[in-house]
Asks: 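Once you've had a glance at the structure underneath, I'll fire off some questions.
Counting begins at 1 with the first residue of the sequence. Note that the structure is a prediction, hence the values are computed from the model and not measured.
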Amino acid sequence: MPTINIPILMYHSIESMPRTTIMRSLHVSPKKFKFQMWMLKILGYKGLSLSQLKPYLDGKKYGKVVGITFDDGYLNNLINAAPVLKKYNFTATCYIVSDCIGISNEWDLDNKITQRPLMSESEIKKWISLGMDIGAHTKTHADLTVISNQKAQEEIVDCKIELETKFKVLVNDFCYPFGRFNETILSVTREAGYHSATSMIRGRANEQSSRFMLPRIPINHRTLPHLFLAKILTNYEDKR
Ligand SMILES: [Zn+2]
């Protein structure tokens, strides 16, 4: 059986932003997002959350599938992405920062990155009621590699507990803030009971990929249709 490569798409904010926006690449316009999902659909792909993707990564199920992830929990994911995902019967995982529910991406303030509202508790409930998944993205969006092990453990473990308590769902999927991790962080995440952790390592995932270092494919406002297709269908990302 040849290796089956599965793209896991990484999105952040789905919103049109002015040209002057700092780190504009974090935003994909709703129009582009719609087009990308439509393209997946007509190519015969199904977009799946990390939990629904698991049997495919484990080689227990086969099919044309793509993982869809959103980092940070922006309100615009609920408003602009969820209806499109619903329309095509896709699911997705949104990684939530548990201490920042209903606030904004305050961890980006020092870098003057545009503040966007994050989903509130009731908005996350709405996201889940639409059949979407949530994953954990720590308590405060800390860079886990620069804080003490004790603090990192709290960020990883408490986020899971808080989200599971608040939303009464299992939170099995984790995402490293800023894509930063090391051996210690990786084992703490595994021991916390998560089933997977996504990184910012580029490439498509397959059966051989470490479940706690899953590579992803960044999609940003510069990802034009031909590039989007190359990222999904070819080894374009695997070589990066
Ligand atoms: Zn993040």
Side-chain angles (χ1 to χ4, degrees), residues 8-15 17 21-28 50 67-77 92-119 124 133-164 166 171-203 205 209-221 237 240:
I8 302 176
L9 308 181
M10 173 176 72
Y11 290 99
H12 287 81
S13 152
I14 306 295
E15 193 170 343
M17 298 297 282
T21 307
I22 295 171
M23 286 288 280
R24 185 159 169 247
S25 65
L26 291 174
H27 308 272
V28 172
L50 256 292
I68 303 179
T69 66
F70 297 92
D71 288 15
D72 306 339
Y74 294 100
L75 173 56
N76 58 38
N77 296 171
T93 298
C94 187
Y95 294 110
I96 306 290
V97 181
S98 60
D99 278 3
C100 296
I101 292 171
I103 314 175
S104 67
N105 45 317
E106 289 176 349
W107 60 87
D108 286 328
L109 273 173
D110 290 349
N111 296 321
K112 300 194 169 54
I113 291 175
T114 316
Q115 295 294 295
R116 304 310 302 137
L118 298 171
M119 282 189 268
I124 295 172
D133 273 0
I134 57 167
H137 202 31
T138 72
K139 279 159 66 78
T140 66
H141 206 280
D143 178 343
L144 298 169
T145 62
V146 301
I147 56 179
S148 70
N149 286 347
Q150 171 69 31
K151 275 255 171 300
Q153 180 152 12
E154 282 172 25
E155 289 277 350
I156 296 165
V157 174
D158 296 0
C159 179
K160 180 172 167 53
I161 296 170
E162 281 164 28
L163 293 177
E164 289 184 339
K166 208 166 253 176
V171 176
N172 290 329
D173 303 294
F174 185 79
C175 174
Y176 303 109
F178 312 104
R180 303 202 23 99
F181 65 96
N182 55 33
E183 278 301 318
T184 314
I185 298 303
L186 193 150
S187 33
V188 170
T189 307
R190 184 185 282 130
E191 279 153 29
Y194 291 103
H195 296 172
S196 81
T198 42
S199 66
M200 286 189 183
I201 298 167
R202 295 176 70 162
S209 311
S210 158
R211 292 299 173 268
F212 291 87
M213 281 198 287
L214 286 174
R216 288 191 292 175
I217 292 178
I219 308 293
N220 62 45
H221 82 280
E237 287 284 332
R240 298 181 81 87

Asks: Supply the atom-to-atom distance Ile201 CD1 to Ser209 OG, rounded to the nearest 0.5 angstrom.
Replies: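 So the gap between those two atoms works out to 9.5 Å.
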Asks: Over 60° means perpendicular and under 30° means parallel, so tell me whether Tyr176 and Phe181 are parallel, tilted or perpendicular.
Replies: parallel
Asks: Return yes if some donor-acceptor pair links the side-chain N/O of Asp72 with the main-chain N/O of Val97 below 3.5 Å, else return no.
Replies: no
Asks: I'd like to check the ring pair (Phe, Tyr, Trp, His ring centres under 6.0 Å) partners of Tyr95; sequence neighbours left out, ordered by chain and number.
Replies: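 Partners of Tyr95 by the ring pair (Phe, Tyr, Trp, His ring centres under 6.0 Å) criterion come out as none, since no residue qualifies.
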Asks: Name all residues meeting the side chain to side chain contact (heavy atoms under 4.5 Å, CB included) criterion together with Ser196; count only those two or more places apart in sequence or in a different chain, and write none if there are none.
Replies: Leu50, Asp173, Leu214
Asks: Sequence neighbours excluded, which residues qualify as ring pair (Phe, Tyr, Trp, His ring centres under 6.0 Å) partners of His141?
Replies: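 Per chain and number, His141 pairs via ring pair (Phe, Tyr, Trp, His ring centres under 6.0 Å) with Trp107, His137, Phe178.
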Asks: Of all heavy-atom pairs between Leu144 and Ile147, which one has the smallest distance, and what is that distance?
Replies: O-CG1, 3.8 Å
Asks: To the nearest 0.5 Å, what is the distance between CD1 (Ile161) and CD1 (Ile156)?
Replies: 12.0 Å
Asks: When you measure from the side chain of Tyr194 to the backbone of Gly135, do you find a donor-acceptor pair of N or O atoms at a distance under 3.5 Å?
Replies: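 No.
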Asks: Using side chain to side chain donor-acceptor pair (under 3.5 Å) as the criterion, list what pairs up with Tyr11, not counting sequence neighbours.
Replies: Gln36
Asks: Can you list the residues that meet the side chain to side chain donor-acceptor pair (under 3.5 Å) rule with Thr189, with sequence neighbours excluded?
Replies: none
Asks: So which atom in Ile8 and which in Ala205 form the shortest heavy-atom distance, rounded to 0.1 Å?
Replies: CD1-CB, 4.0 Å
Asks: Among all residues two or more places apart in sequence or in another chain, which pass the side chain to side chain contact (heavy atoms under 4.5 Å, CB included) test with Glu237?
Replies: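 Listed in chain order: Arg202, Ile217, Pro218, Lys231, Arg240.
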Asks: Among all residues two or more places apart in sequence or in another chain, which pass the side chain to side chain donor-acceptor pair (under 3.5 Å) test with Glu106?
Replies: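 Expected list: none.
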Asks: Nearest 0.5 Å please: distance from the CD1 atom of Ile68 over to the CD1 atom of Ile219.
Replies: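 Here the rounded value is 10.0 Å.
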Asks: Who are the salt bridge (charged side-chain N to carboxylate O under 4.0 Å, His left out) partners of Asp99, not counting sequence neighbours?
Replies: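 Counting only residues at least two positions away or on another chain, Asp99 forms a salt bridge (charged side-chain N to carboxylate O under 4.0 Å, His left out) with Lys139.
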Asks: State the CG-OG distance between Asn220 and Ser13, to the nearest 0.5 angstrom.
Replies: 12.0 Å
Asks: Return the CZ to CD1 distance between Arg190 and Ile185, rounded to the nearest 0.5 Å.
Replies: 13.0 Å
Asks: For Asp71, enumerate each residue passing the salt bridge (charged side-chain N to carboxylate O under 4.0 Å, His left out) test, keeping only those at least two apart in sequence or located in another chain.
Replies: Arg216
Asks: So if I apply the side-chain contact (heavy atoms from CB on, under 4.5 Å) rule between Phe70 and each of Ile14, Leu9, Ile96, Thr93, which one comes out positive?
Replies: Ile14
Asks: For Gly73 and Cys94, which heavy atoms make the closest approach, and how far apart are they?
Replies: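 The answer is CA-SG, 3.4 Å.
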Asks: Which pair of non-hydrogen atoms, one from Cys175 and one from Thr198, has the smallest distance, and what is that distance?
Replies: CB-OG1, 3.5 Å
Asks: Rounded to the nearest 0.5 Å, how far does CG of Leu26 lie from NE2 of His221?
Replies: 10.0 Å
Asks: Could you work out, with side chain to side chain contact (heavy atoms under 4.5 Å, CB included) as the rule, every residue matching Arg116, not counting sequence neighbours?
Replies: Glu15, Met17, His27, Tyr74, Asn105, Thr114
Asks: Is there any salt bridge (charged side-chain N to carboxylate O under 4.0 Å, His left out) pair reaching into residues 141-155, and which pairs are they, with sequence neighbours excluded?
Replies: Asp143-Arg180
Asks: Taking only residues two or more places apart in sequence, or in another chain, which ones meet Glu164 in a salt bridge (charged side-chain N to carboxylate O under 4.0 Å, His left out)?
Replies: Lys160
Asks: Are Asn182 and Thr145 close enough that a side-chain donor and a side-chain acceptor fall under 3.5 Å?
Replies: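 Their side chains do not contain a donor-acceptor pair, so the 3.5 Å distance test is not met.
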